[in-house]
Amino acid sequence: MSLTNISDWLAGTELSQAIASRNWTVPTLQSIHILSIGVVMASVAVLDLRLAGFLAREQSMRDYNLRFYPWIWGALCVLLGTGTLQIMAEPARELLNWIFLTKMGLLVAAVIFTASVRGLLEDRRFRDMPLGRRTVIRTCALVSLGLWVAIVVCGRWIAYAGGQV
């Protein structure tokens, strides 16, 4: 089954037609989606900047994790729901767009990377870690931040891309 077939099938469902036929649903979903992106990006930025040693070097990384990870995962759940409904509203615009597919690939990579970087975290001050460890951690933090920024860029780009897969 091709993406075109899936897109056509989704467009014909009652849920898709119900969402697309109401003027307020897509803008409302987009607004909630964008607010959730803000929550994820703010939380990721604070964690990654702390992880990289650019922010709050004297504060416990464990405390930062306990404080911000629930926000990240909670907002990602909201993004999953609103994103799925937006796909239902305009399946061809999303599923047949190479930028959307790139965004989804980056999202999978960022979630896996963010979850796995937790293993690098140590609950001690940044300056007390060996230089090699600090370099690895800083690099991982900057890669993580770059992945999340690339996701946001792709998300905005979807609206302006007409190219299909």
So NZ of Lys103 and CG of Leu101: to nearest 0.5 Å the spacing works out to 11.5 Å

Is Trp73 linked to Phe113 within one hydrophobic cluster, defined over Ile, Leu, Val, Met, Phe, Trp and Tyr using a side-chain heavy-atom separation of less than 4.5 Å? yes

Under the side-chain contact (heavy atoms from CB on, under 4.5 Å) test against Val44, which residue among Leu49, Val39, Leu145 passes? Leu145

Listed partners of Phe100 passing ring pair (Phe, Tyr, Trp, His ring centres under 6.0 Å), at least two apart: none

Are any of the side-chain heavy atoms of Leu107 and Met104 separated by less than 4.5 Å? yes

Could you check if a side-chain atom of Leu95 sits within less than 4.5 angstrom of a side-chain atom of Leu10, using non-hydrogen atoms only? yes

Do you reckon Leu80 sits in the same ILVMFWY cluster as Ile112, going by side-chain contacts under 4.5 Å, direct or chained? no

Atom pair CD1 (Ile137) and CZ (Arg50), whose distance is rounded to the nearest 0.5 Å: 9.0 Å

May I ask you to decide if Thr135's main-chain N or O and Thr139's side chain share a donor-acceptor pair within less than 3.5 Å? yes

Could you name each residue pair satisfying salt bridge (charged side-chain N to carboxylate O under 4.0 Å, His left out) that touches residues 70-91, not counting sequence neighbours? Glu90-Arg93

Minimum heavy-atom distance between Leu29 and Thr82, given as atom pair plus value: O-CB, 4.0 Å

Quick check: closest heavy atoms across Ser16 and Pro91, and the distance to 0.1 Å? OG-CD, 4.2 Å

More than 12 heavy atoms of other residues, nucleotides or ligands under 6.0 Å from CG of Asn5: yes or no? yes

Side chains of Thr102 and Leu106: closer than 4.5 Å at any heavy-atom pair? yes

Shortest non-hydrogen separation from Gln86 to Glu94 and the atoms involved: O-CG, 4.4 Å

With a 4.5 Å cut-off on side-chain heavy-atom distances among I, L, V, M, F, W and Y, is there a chain of contacts connecting Leu15 to Trp9? yes

Going by side chain to side chain donor-acceptor pair (under 3.5 Å), name the pairs with one or both residues in residues 39-48, residues two or more places apart or in two chains. Asp48-Ser144

State the CD1-CE distance between Ile19 and Met88, to the nearest 0.5 angstrom. 6.0 Å

With rounding to the nearest 0.5 angstrom, report the CG to OG distance, Asp8 to Ser2. 7.5 Å

In one Ile/Leu/Val/Met/Phe/Trp/Tyr side-chain cluster, 4.5 Å: Phe54, Val149: yes

Joint cluster assignment, Val152 & Trp98, ILVMFWY side-chain distance < 4.5 Å: yes

CG on Leu147 to CG on Leu142, rounded to 0.5 Å: 11.0 Å

Does some side-chain heavy atom of Leu47 sit less than 4.5 Å from a side-chain heavy atom of Ile72? yes

Would you give the length of the straight line joining atom CD1 of Ile37 to atom CH2 of Trp148, rounded to the nearest 0.5 angstrom? 10.0 Å

